[in-house]
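Start at 1 with the first residue, then count along the sequence.
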Amino acid sequence: MNSIPPADYKGWLRMTGISSFREQGKERFLRITAPVCRFLSSLGVNPDLLSFTGLLLSMVAGLIYSGGFFFLGGLVLIVAGICDVLDGQMARQIGKLSAFGAFFDSVIDRYSELFVFLGLAWHFAGSVGEPGAIPGRWVVLVIILALSGSLMVSYTRARAEGLGVDCKVGWMQRPERITILVLGSLLSGLPSMGHFIMAGTLLIIAVLSNYTAVQRILHVKNQLAKKNQRT
């Protein structure tokens, strides 16, 4: 089976319908949450408050994960993710979009992911010998790889845009990572399978996020090469 070249990635997504499905899902969600944004705006809620609320909820989710309560952690993470979506949407609605706001929101997102992964690492580091647990040090290694991949997905885009290259290729952007983690967390509520399901979920995030980072590196290389040829 031939691999898809990074330069043809967006075209491949359009051809398979994945891109259309993603955009349709995003549009539906924004339509659903639009009234909520208008209601919060009428109460005088500031988008920055929602950003901080999402960060605090991510910290709470990390603490819950550290105790091994994956299902509950996933529920809290859902609410944190909603706050993360609402802050940007509200800023657009009330005309408070700014370059610093976008920068600040991105920094908050990175810290939010960090707290969640730290909570999971804390739990698995102390899970050795528990019934149904798997070797904690290996899961901690996977968590480190998942966190590194997540940060590199964001860093490669930011660095590329600093070079004047649009870099949104790859599946594992933050919404996809959070969605997979939430699904894995909810499924981890199954008796006696929680640790294995969560470890598998983290492995998926680790592999796909680092794969996306590599895709972006190759994409930027190709785009810069094309620019050099034109000049």
Side-chain angles (χ1 to χ4, degrees), residues 1 3-4 18 21-22 25 54-85 106-157 169-217:
M1 181 176 180
S3 60
I4 304 298
I18 293 175
F21 178 78
R22 176 191 287 176
L55 175 62
L56 290 174
L57 287 172
S58 295
M59 294 173 67
V60 171
L63 288 173
I64 294 172
Y65 279 128
S66 71
F69 304 104
F70 303 141
F71 185 86
L72 181 57
L75 294 179
V76 174
L77 202 56
I78 291 174
V79 183
I82 292 174
C83 288
D84 182 47
V85 173
S106 181
V107 172
I108 290 292
D109 288 347
R110 303 291 80 73
Y111 273 114
S112 295
E113 283 192 278
L114 175 62
F115 285 125
V116 170
F117 282 121
L118 282 177
L120 287 164
W122 182 274
H123 171 73
F124 280 100
S127 66
V128 179
E130 291 184 5
I134 53 181
R137 63 180 178 273
W138 292 107
V139 185
V140 171
L141 176 60
V142 170
I143 292 171
I144 292 172
L145 292 173
L147 176 59
S148 301
S150 299
L151 294 177
M152 288 306 299
V153 167
S154 300
Y155 176 78
T156 48
R157 177 179 174 180
V169 300
W171 286 349
M172 291 300 285
Q173 300 181 64
R174 188 166 188 265
E176 286 78 10
R177 297 194 299 270
I178 295 300
T179 299
I180 291 175
L181 183 56
V182 166
L183 289 175
S185 299
L186 298 181
L187 290 174
S188 294
L190 295 173
S192 74
M193 293 294 293
H195 276 73
F196 293 96
I197 293 174
M198 182 54 71
T201 300
L202 293 166
L203 181 60
I204 291 172
I205 295 173
V207 172
L208 293 183
S209 60
N210 282 285
Y211 178 72
T212 296
V214 172
Q215 276 186 308
R216 291 187 169 186
I217 292 170

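The residue from Leu208, Thr201, Val207 that alone fulfils the side chain to side chain contact (heavy atoms under 4.5 Å, CB included) condition with Ile204 is Leu208.
Annotation: side-chain hydrogen bond (donor to acceptor under 3.5 Å, both in side chains) contacts of Ser148 (sequence neighbours excluded): none. Residues passing the side-chain hydrogen bond (donor to acceptor under 3.5 Å, both in side chains) test with Ser58: none are found, sequence neighbours excluded. Shown here are the side chain to side chain contact (heavy atoms under 4.5 Å, CB included) partners of Asn210, two or more places apart in sequence or in another chain: Leu145.
When all heavy atoms are compared, the tightest approach of Ile64 to Val76 is CD1-CG2, 3.6 Å. In terms of heavy-atom proximity, Ile205 sits nearest to Ala146 at CG2-CB, 4.0 Å. Across all their heavy atoms, Ser185 and Gly74 have their closest contact at CB-CA, 3.7 Å. Nearest approach of Met152 to Ala213, heavy atoms of both residues: CB-CB, 3.9 Å. In terms of heavy-atom proximity, Val153 sits nearest to Ser209 at CG2-O, 3.2 Å. Between Trp171 and Thr212 the shortest heavy-atom distance is N-OG1, 3.8 Å.
The aromatic rings of Tyr65 and Phe70 are tilted relative to each other, their planes meeting at an angle between 30° and 60°.
No more than 12 heavy atoms of other residues, nucleotides or ligands shown are found within 6.0 angstrom of CZ on Phe69.
Side-chain contact between Ile178 and Asp84 is absent, with no heavy atoms from C-beta onward closer than 4.5 Å. Side-chain contact between Arg174 and Ser112: present, with at least one pair of heavy atoms (C-beta onward) separated by less than 4.5 Å. Two residues are said to be in side-chain contact when any heavy atoms from C-beta on lie closer than 4.5 Å; Met59 and Tyr111 fail this criterion. Taking 4.5 Å as the limit, every side-chain heavy atom of Leu187 sits out of range of all side-chain heavy atoms of Met198. Using a 4.5 Å cut-off on side-chain heavy atoms (C-beta onward), Met172 and Ile180 make contact.
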